[in-house]
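Here the structure comes first, spelled out in structure tokens, and everything after it is commentary.
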There are 2 protein chains.
Amino acid sequence: MKKSDINSTEIARLAGVSRSTVSRVINNYSNVPAETRDKVLKVIQQYNYFPNVSAQVLAGKRARTIGLFLIEEGNVSGDMLTNMLIVSVIEHASEHGYYVLTHIIRDAKDTEMIKNVREIFFQRRIDGGIFIGAAIREPLIEELIDEGFVIGIVDQSLSDHPEPNRIVSQFNNDSGMKQAVAYLAGLGHSRIGVINGDMNRLSGQTKYEGYKTAMRMCGLQVNPNWVLDGDFHERSGYMAIQKLLSQEAELPTAIIAANDSVAFGAIRALKEHKLRVPEDLSIIGFDDHALSEKHHPALTTIRVDFSDMLKRMTSYLITKIEQKTSDIKEITIDCSLVVRDSCRRI
Amino acid sequence: MKKSDINSTEIARLAGVSRSTVSRVINNYSNVPAETRDKVLKVIQQYNYFPNVSAQVLAGKRARTIGLFLIEEGNVSGDMLTNMLIVSVIEHASEHGYYVLTHIIRDAKDTEMIKNVREIFFQRRIDGGIFIGAAIREPLIEELIDEGFVIGIVDQSLSDHPEPNRIVSQFNNDSGMKQAVAYLAGLGHSRIGVINGDMNRLSGQTKYEGYKTAMRMCGLQVNPNWVLDGDFHERSGYMAIQKLLSQEAELPTAIIAANDSVAFGAIRALKEHKLRVPEDLSIIGFDDHALSEKHHPALTTIRVDFSDMLKRMTSYLITKIEQKTSDIKEITIDCSLVVRDSCRRI
DNA sequence: CTGAAAGCGCTTACAG
DNA sequence: CTGAAAGCGCTTACAG
């Protein structure tokens, strides 16, 4: 008989006890004398027995699995940031004895996709889930929360009547933008533009709002020609600069990009037009992507700790799953300016 | 009642049939008349019912989940290659209706770790697993194969008596090395060194063997001073060059690195010593890492299609899980030279 | 074509 | 402290 075919009845027989007792030992019940416990444990060890998880779940235990849902319209494969997010969740879940089922959502509006995700929850494959990359108020997610599933959402704020099973997290983008604008203003810049992120995402909105507020606080004018559309991807930064240079208007002296990828794209476009960074134009990013340090020029940016965020998110999620605590959880992580070579004093 | 609390008894009652019939509809039995099927399906749709997967598995169905085990001693987080591997498996599994439970193994020798992995299989959480980054003949993996679990191993060859539940894949490193050496020889190089990968891994060995064979075929001498140790990580390439330059011996004119990360490290060390690539030394990598194209100088390398490999691995694994076919599967993927700027004619 | 029933491998009140 | 028994929600041979 393969070790993997052993079940609790067999263990009980070999240890000379009932299945109830085997179960009590496995689940660490206090009312089992040390002697009995040891005897059972020895057989379990010897036969390499692990209780069938489906049977355990069916009998009322938790699956000890959480879902990680990455909403990425483009190709996820290329980005090392994504990898860090996945690994963060897996490793921190593992510390709590949980496993992670990762799922990629190419299109959050696709009915087939929605059905798929719903299935994972309703089938009881997972005890809860974390969503990354969701738009503000995604119907699918709202439905899952209504159903009572424990859900963590990255880059989201709490609603007015927050449900006890909703956990949200975001960076303090407002503060990040203030640091960026203040830094540029300190270098003598007053013509500061911005390339926005995806405005369907909370961070897209809060970053833009933060930019406007910070400009006002520094007594600077926002020039509508310098507010450029983007979507957090490299290509959108490239396109934004193309558009900026094609319009005959005056150029800004500095631009803040919604994230580092966008900044990379912007710099690529500037290079093609023989504009140097920072000599002709200062650029500041957001995230502190792993590549930013190695970039030419090394990118000045607002650092953000994704790993810490995911760690806390994962930890809160599991706590909520296990204790069913009803205290609301909202995670906000601070950002900090990292000065490198992509901005100059004027 | 929450939708998520509905079960097959409830569906049966609402549709006016027995649970047996509900189950037959769900499992697409042919002996259910269209009318009955539609009636049941309508109720299932309406109540958003999904069968409890634990109950299904316990009753004998598959979990439709595969495990993905990444063995990485260092920090996985940084690498975009890892991300591509994870995403490849998830997406291809998804096409077959399978889910992926990803697990990171920091130390394949740690007993706690081993117990953890074993647990995932023995608990019947997954129907099979894929291992990436394993050493040649990892005891844990061999045990799992002995137990009858369906296992796919990347960078591994078939044993002499291959079990029907073992699937292996590797790149044609021999051919890759031949292309690299032949290309350099064609540029006039005869003093060609190598920085090896991890010799505990199959690819570490086959690459080195391929190098030696190719040198012989080109009528070139292997100078032991130019055979440098490494481990596939960037730092080892850096260290290898440091060591090479510290010894008073003659330098090679070209070096082949076990992979692109190693090549990056080597170039970094050369730069620190004011040696230019390719003017002073030609470097050729392996993998065609996403960063190689953007590197300065753009890296000449041997391209390898990880995505294709994982796609086929995932697909074979699932086929084997479902059909229990016993035909042996061994995947070998070809490599191709990509010429960029890191090698010069001499 | 369809239902009643056994069985999958656990957990946990219940009774002693 | 411990065992017998019910129950978790399915699937599937069996009988009709």
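Computation of the quantities below employed the complete heavy-atom set of this structure, encompassing side-chain atoms and omitting hydrogens, waters and symmetry-equivalent molecules. Per chain, numbering begins at 1; letters A, B, ... match sequence-line order.
Of the candidate nucleotides C:dG3, C:dT12, D:dC10, C:dT12 has the atom lying nearest to any side-chain atom of A:Ser23. Checking D:dC10, D:dG3, C:dT2 against the side-chain heavy atoms of B:Ala59 singles out D:dC10 as nearest. The nucleotide whose nearest atom lies closest to any side-chain atom of A:Arg24 is, among C:dA13, C:dC1, C:dT11, C:dA13. Across C:dC10, C:dT11, D:dT12, the shortest atom-to-atom separation from the side chain of A:Ala55 is found for C:dC10. Of the listed nucleotides (C:dC10, D:dG9, C:dG3), D:dG9 has the atom at the smallest distance from the side chain of B:Asn52.
Separating the CZ atom of B:Arg125 from the P atom of C:dG9 is a distance of 17 Å, rounded to the nearest angstrom. Atom NZ in B:Lys61 sits roughly 14 Å away from atom C1' in D:dG9 (whole-Å rounding). Summarising the geometry, the separation between CZ on B:Arg13 and P on D:dG9 is reported as 15 Å, rounded to the nearest angstrom. The distance between atom CG of B:Asn31 and atom C1' of D:dT11, rounded to the nearest whole Å, is 13 Å. In this structure, CZ of B:Arg37 is placed 14 Å from C1' of C:dT2, rounded to the nearest angstrom. Protein atom CZ of B:Arg19 is 15 Å distant from nucleotide atom P of C:dG7, rounded to whole Å. Atom-to-atom, CD of B:Gln123 to P of C:dT11 comes out at 11 Å; the value is rounded to the nearest Å. Whole-Å rounding puts the A:Phe122 CZ to D:dC10 P distance at 13 Å.
A:Arg125 and B:Thr65 share a donor-acceptor pair across their side chains, judged by distance under 3.5 Å alone. B:Glu322 and B:Tyr98 are linked by a side-chain donor-acceptor pair at a separation below 3.5 angstrom, with hydrogens and angles left out of the test. With hydrogens and angles left out, the side-chain atoms of A:Tyr316 and A:Glu330 include no donor and acceptor closer than 3.5 Å.
Residue-level contact check: A:Asn7 touches the backbone only, with heavy atoms under 4.0 Å from sugar-phosphate atoms and none from bases. Residue contacts for B:Thr21: at a heavy-atom cut-off of 4.0 Å it reaches the sugar-phosphate backbone alone, with no base atom in range. Residue-level contact check: B:Thr36 touches the backbone only, with heavy atoms under 4.0 Å from sugar-phosphate atoms and none from bases.
Between A:Asn27 and B:Leu58, it is B:Leu58 whose nearest contact on DNA chain C lies nearer the 5' terminus. Residue whose closest nucleotide on DNA chain D sits further toward the 5' end, between A:Gly60 and A:Ser30: A:Ser30.
Judged by Watson-Crick or G-U wobble contacts below 3.5 Å, the nucleotide C:dA15 has D:dT2 as its partner.
By the 4.0 Å N-to-carboxylate-O rule, B:Arg201 lies close enough to B:Asp155 to be salt-bridged with it. For A:Arg64 and B:Glu119, the salt-bridge test fails: no basic side-chain N is under 4.0 Å from an acidic carboxylate O.
Of the side-chain N and O atoms in A:Tyr29, none sit less than 4.0 angstrom from OP1 or OP2 of C:dT11. At C:dC10, one or more side-chain N or O atoms of A:Ser8 fall inside 4.0 Å of OP1 or OP2 (strictly under the cut-off). Side-chain N/O atoms of A:Tyr49 include none lying less than 4.0 angstrom from OP1 or OP2 on C:dG9.
Counted within 6.0 Å of NZ on B:Lys39, heavy atoms from surrounding residues, nucleotides or ligands total more than 12; the atom is thus considered enclosed.
Between the base of C:dA4 and the side chain of B:Ser20 there is a donor-acceptor pair shorter than 3.5 Å. Side-chain atoms of A:Arg124 and base atoms of D:dG9 include no donor and acceptor less than 3.5 Å apart.
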